[in-house]
Amino acid sequence: MIPKPANQVHITLFLSGTSNIYVAAQDLNSGNSGWSGLGTWTPPTSYTPVIRLDPSCLDAASCTLVGLGVGTRNPVASTLSGYVTLEARGPARTVYSSIFVDYYRAPSCAEVFEGDISTGGPSSPTLPNSATHMGRVRTETAILSQYSLGFEQPAQIPGFYFSRVVFVVTATWPTPTQPLPQKTFTFQSNCVRVGDAPLITGLRDDLSGQTNAIDRGTAGPYLQLYGSRFAGISGTSTAIQPTTGISDWRVSYVDPAIGRANITYNVSATAPIGQRQFTLTNGAGTSLPVALWITDPTPEIIGVEPNQPWVPGDTVTVSLSGKGFGSQPAVDLVVADGVDLSDCLGSGQVSILLANDTSIQFTKTVPSSSPGCEFNINVMSNGLSGSFLQGPGASPKQRRASKPGSVVKQSTKLPIKVFIVHGIGDAPTSMADLALNLQVALAQPPINLGGKFDIDYRFTFRSTRPALCDDLDDIGASLGNYVLSKSQPFQRFVLIGHSMGGLVIRTMMKLRDLDTNSRRFVVGLVTLGTPHLGYPYLGIDTREKCANQSSAMDSYLLNGGSLDDPGVLRTDFLRTLRADWRIADYGGRFFSAGGAVCNEQTRYFLGYGTNGCRPPVPYPPGFPPPDGNELSDGVVCQDSAALLYPDSGITPTNRFTDPARVYRHSPSTGYTGLNVLCATLPGQPLSNPDPNGSLVILLKQFLAGLYE
């Protein structure tokens with residue numbers, strides 16, 4: 001019963017399907033006026049989502065809408081964008097208040113229900129399982145009958161997202177003023193995927209250099225993974241199937257901007273060989289599987305001791321180090337064409353003392369009548385399982401590894417050739433005093449090795465005139481040619497490098513295998529203040545030195561970051577040298593020296609930024625502080641010159657860390673006229689140390705040990 005004038009009667013019906021509609025009215029003064037059939041009405045089959053306050057509120061807030069849209073801007077940085085619109089129509093005066101807009105991340109969209117999920121009470125309904133609250137877009141209060149909000153959340157982690165809007169509605173009849181009960185509503189948006197699943201385009205094993213394969217029986221520093229859409233991956237975001245024989249499989253480094261990730265691994269020697277499948281996962285999904293082969297290692301002889309010609313009449317005990325020798329390797333000796341095997345070696349057979357996958361020891365007696373010859377030491381592998389196994393694409397891998405050797409043609413030993421290489425901005429004359437001091441020291445008692453060493457310091461390269469600067473690879477190639485021209489076959493030699501000269505030597509060894517190609521035998525390496533891990537480079541250095549040379553040595557050790565991070569070793573030159581480092585290339589003997597006269601940690605130059613050396617390691621209270629890692633020779637951090645930095649990849653057999661703090665980098669007080677670290681430096685230069693000082697004494701002992 002509605003006590004209203006006829007022209008003010010409003011009736012709201014909730015119907016479905018096809019229904020007859022009848023209208024009746026009763027006049028209060030004269031009674032019932034009867035019923036009249038007015039026809040039929042079919043409601044629409046689809047409605048815009050509706051949030052209603054209460055049937056007694058009629059259609060107040062009946063046009064309230066909530067929505068969300070998502071856009072992906074690029075595969076690296078995805079953007080979540082959305083909108084919320086609230087609008088009330090009808091006779092009631094409607095007020096929206098306490099509007100909370102939140103967004104969430106879900107494992108998938110399967111459990112996310114879209115639409116009105118209101119309970120009508122003061123709290124919101126339970127969230128889908130495992131949904132994570134990512135943030136609140138905005139909180140509003142006292143918003144009137146219309147409200148609209150657009151929002152963006154940039155750089156989203158790839159995944160599945162939805163939003164919720166929680167708000168309170170208060171409605172009042174305009175005439176007469178009649179408040180209706182407040183009601184809290186929760187609306188959940190659609191669920192969308194932000195970002196894309198990773199895409200893998202290639203992989204390379206940093207240990208062996210193989211593509212699409214890793215060797216069993218190895219613990220790789222990392223498998224290099226290339227591709228795109230790497231945002232959102234972490235340590236456990238990659239999987240390999242089957243996992244048998246593989247452990248420590250995890251993402252250790254990722255850079256989404258360049259599409260690069262490193263995966264550490266450990267493959268047991270008994271791991272089944274064959275093809276595996278691995279995938280990479282972020283919040284948006286899983287990559288397509290990529291094939292990875294587990295193979296037997298290709299045989300490789302890395303080191304031979306003794307690394308010098310055999311002497312007729314001697315019984316030589318030889319130790320081979322390497323990988324991929326297998327479980328029962330065979331060893332034989334093959335002489336060069338035109339030489340009679342029986343005359344030179346008696347036979348190609350050797351007596352094996354021990355053999356495993358990484359080392360072999362054997363003996364060989366050289367006939368006293370041997371005229372001398374050149375030969376190859378051959379190792380034949382049958383694989384760790386007893387049958388040599390196949391690699392990627394089911395193609396056979398190499399089964400044999402070789403290393404050259406020789407029997408001397410004379411019973412007297414040639415003198416050891418010593419090559420000294422200067423650094424950036426210097427010339428051969430800067431090494432002349434060091435060469436003379438070493439020559440004199442080696443001839444003095446109690447060592448008395450006069451005439452046993454031939455020291456050459458005359459190699460040079462262009463590093464002072466910017467228009468004529470040589471690239472480091474070109475300098476290394478030139479040094480290789482110089483060494484060959486100044487030495488003889490079967491001769492042993494030692495390489496000594498000051499500053500960048502040490503990097504030039506290492507570059508030469510990377511480019512040219514002197515043992516294999518020229519029968520020269522490297523028995524030792526000495527570096528003096530060499531920036532093996534770079535130095536605190538700033539752009540100002542290119543003004544007075546060769547830009548291509550100084551910038552190639554750019555590193556950032558100041559914060560002690562991982563050497564796997566490209567932001568620490570900043571150049572391909574330094575990263576490649578670290579990856580290719582093999583101490584066996586230098587006869588297994590390596591003497592590194594770093595000065596410690598400077599303890600100024602940070603280098604700064606206006607307009608060029610900040611760099612420096614790793615800070616001191618904290619020490620327990622109550623103990624005297626040790627030498628800090630910030631020590632340097634004024635140019636090169638001791639961490640870099642003496643290879644003290646964690647994970648540098650090698651431990652020198654002999655190391656000098658300047659305990660008395662008396663050695664600086666060079667005769668001048670800095671790298672250029674613009675000092676690198678300490679402005680004034682006392683002491684002796686590493687390029688020309690005191691002939692009676694501690695460094696020269698240790699160098700003399702090191703060289704004498706190489707002659708034995």
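The CG atom of Leu563 sits 7.0 Å away from the CG atom of Leu557 when rounded to the nearest 0.5 Å. Of the inter-residue distances, the one linking Arg506 atom CZ with Thr576 atom OG1 reads 10.5 Å to the nearest 0.5 angstrom. From Tyr537, atom OH reaches atom OG of Ser555 across 12.0 Å, with rounding to the nearest 0.5 Å. Between Gln188 atom CD and Phe162 atom CZ the span is 4.5 Å, to the nearest 0.5 Å. From Asn611, atom CG reaches atom OG1 of Thr602 across 9.0 Å, with rounding to the nearest 0.5 Å. Taken from CD in Glu630 to CG in Leu677, the straight-line distance is 10.5 Å, to the nearest 0.5 Å.
With contacts defined as side-chain heavy-atom distances shorter than 4.5 Å, the pair Val165/Thr186 does not qualify. Counting only heavy atoms from C-beta outward, the side chains of Ser648 and Leu533 approach each other to under 4.5 Å. For the pair Met553 and Leu503, the minimum side-chain heavy-atom distance is below 4.5 Å. Considering only heavy atoms from C-beta on, Ile246 comes within 4.5 Å of Ile240 through its side chain. With a 4.5 Å cut-off on side-chain heavy atoms, Gln601 and Leu558 count as touching. Pro242 is listed as a side-chain neighbour of Arg276, based on a closest heavy-atom distance under 4.5 Å. Counting heavy atoms from C-beta outward, Ser234 and Val251 have side chains that stay 4.5 Å or more apart. Using a 4.5 Å heavy-atom cutoff, the side chains of Ile273 and Thr295 are not in contact.
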CA sep, side-chain torsions, deciding dist, call: Ile99, Val166, side chain to side chain contact (heavy atoms under 4.5 Å, CB included):
CA-CA 6 Å; Ile99 304 172; Val166 180; over 6 Å; no

Walk me through whether Ile294 and Ile214 qualify under side chain to side chain contact (heavy atoms under 4.5 Å, CB included).
CA-CA 5 Å; Ile294 307 299; Ile214 52 179; 3.5 Å; yes

Verdict with reasoning, Asp541 to Arg603, per salt bridge (charged side-chain N to carboxylate O under 4.0 Å, His left out):
CA-CA 12 Å; Asp541 297 340; Arg603 180 188 186 200; 2.5 Å; yes

Pair Ile263-Gln224, side chain to side chain contact (heavy atoms under 4.5 Å, CB included): steps then yes or no
CA-CA 7 Å; Ile263 300 173; Gln224 297 174 350; over 6 Å; no

Steps toward side chain to side chain contact (heavy atoms under 4.5 Å, CB included) verdict (Thr132, Tyr104)
CA-CA 5 Å; Thr132 303; Tyr104 299 84; over 6 Å; no

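A donor-acceptor contact shorter than 3.5 Å links the side chain of Thr218 to the backbone of Asp215. Between the side chain of Arg105 and the main chain of Phe160, no donor-acceptor pair closer than 3.5 Å is present. Ser268 places a side-chain N or O within 3.5 Å of a backbone atom of Ala271 that can act as its donor or acceptor partner. Here the side chain of Ser640 pairs a donor or acceptor atom with the backbone of His532 at under 3.5 angstrom. A donor-acceptor pair is defined here as one N or O able to donate and one able to accept, closer than 3.5 Å; no such pair exists between the side chain of Asn212 and the backbone of Leu292. Although no hydrogens or angles enter the test, the distance criterion places no donor-acceptor pair under 3.5 Å between the side chain of Asn548 and the main chain of Ser551. With hydrogens and angles ignored, the 3.5 Å screen pairs a side-chain donor or acceptor of Thr264 with a backbone N or O of Asp248. A side-chain donor-acceptor contact under 3.5 Å links Gln638 to the backbone of Thr657. Here the side chain of Ser562 pairs a donor or acceptor atom with the backbone of Asp564 at under 3.5 angstrom. Of the possible donor and acceptor atoms, none in the side chain of Ser632 sits under 3.5 Å from a partner among the backbone N and O of Cys637.
Gly609 and Tyr604 get closest at one heavy-atom pair: O-CD1, 3.2 Å. Across all their heavy atoms, Gly594 and Ala641 have their closest contact at CA-CB, 3.8 Å. Contact between Tyr535 and Val635 at its shortest, heavy atoms only, is CB-O, 3.8 Å. For the pair Pro107 and Ser130, the tightest heavy-atom approach, listed with the atom from each and the gap, is CG-CB, 3.5 Å. In terms of heavy atoms, Tyr265 sits closest to Tyr222 at CE2-C, 4.3 Å. When all heavy atoms of Gly232 and Ser237 are compared, the pair lying nearest together is O-OG, 4.3 Å.
Taking the side chain to side chain contact (heavy atoms under 4.5 Å, CB included) definition, one finds that Ser287 meets it with Pro198, Ile200, Thr279, Leu280, sequence neighbours left out. Partners of Ala197 according to the side chain to side chain contact (heavy atoms under 4.5 Å, CB included) rule, which considers only residues two or more places apart in sequence or in another chain, do not exist here. Applying the salt bridge (charged side-chain N to carboxylate O under 4.0 Å, His left out) criterion to Asp572, with sequence neighbours excluded, gives Arg575. In terms of the side chain to side chain donor-acceptor pair (under 3.5 Å) criterion, residue partners of Thr358 (sequence neighbours excluded) are, by chain and number, Asn356. Taking the side chain to side chain contact (heavy atoms under 4.5 Å, CB included) definition, one finds that Thr201 meets it with Leu199, Tyr226, sequence neighbours left out.
With 3.5 Å as the limit, one finds no donor-acceptor pair spanning the side chains of Tyr556 and Asp565. Between Gln210 and Asp205, the side chains place no donor N or O within less than 3.5 Å of an acceptor N or O (distance only, hydrogens not considered). Counted by atom type alone, Thr281 and Thr286 present one or more donor-acceptor pairs between their side chains at under 3.5 Å.
Salt bridge Arg164/Asp102: absent, no basic N to carboxylate O contact under 4.0 Å.
Applying the salt bridge (Lys or Arg N to Asp or Glu O under 4.0 Å) test to residues at least two apart or on different chains, none of the pairs has a partner in residues 253-270.
Below 30°, between 30° and 60°, or above 60°: for Phe605 and Tyr608 the angle between ring planes is between 30° and 60°, a tilted geometry. Below 30°, between 30° and 60°, or above 60°: for Trp249 and Phe278 the angle between ring planes is above 60°, a perpendicular geometry.
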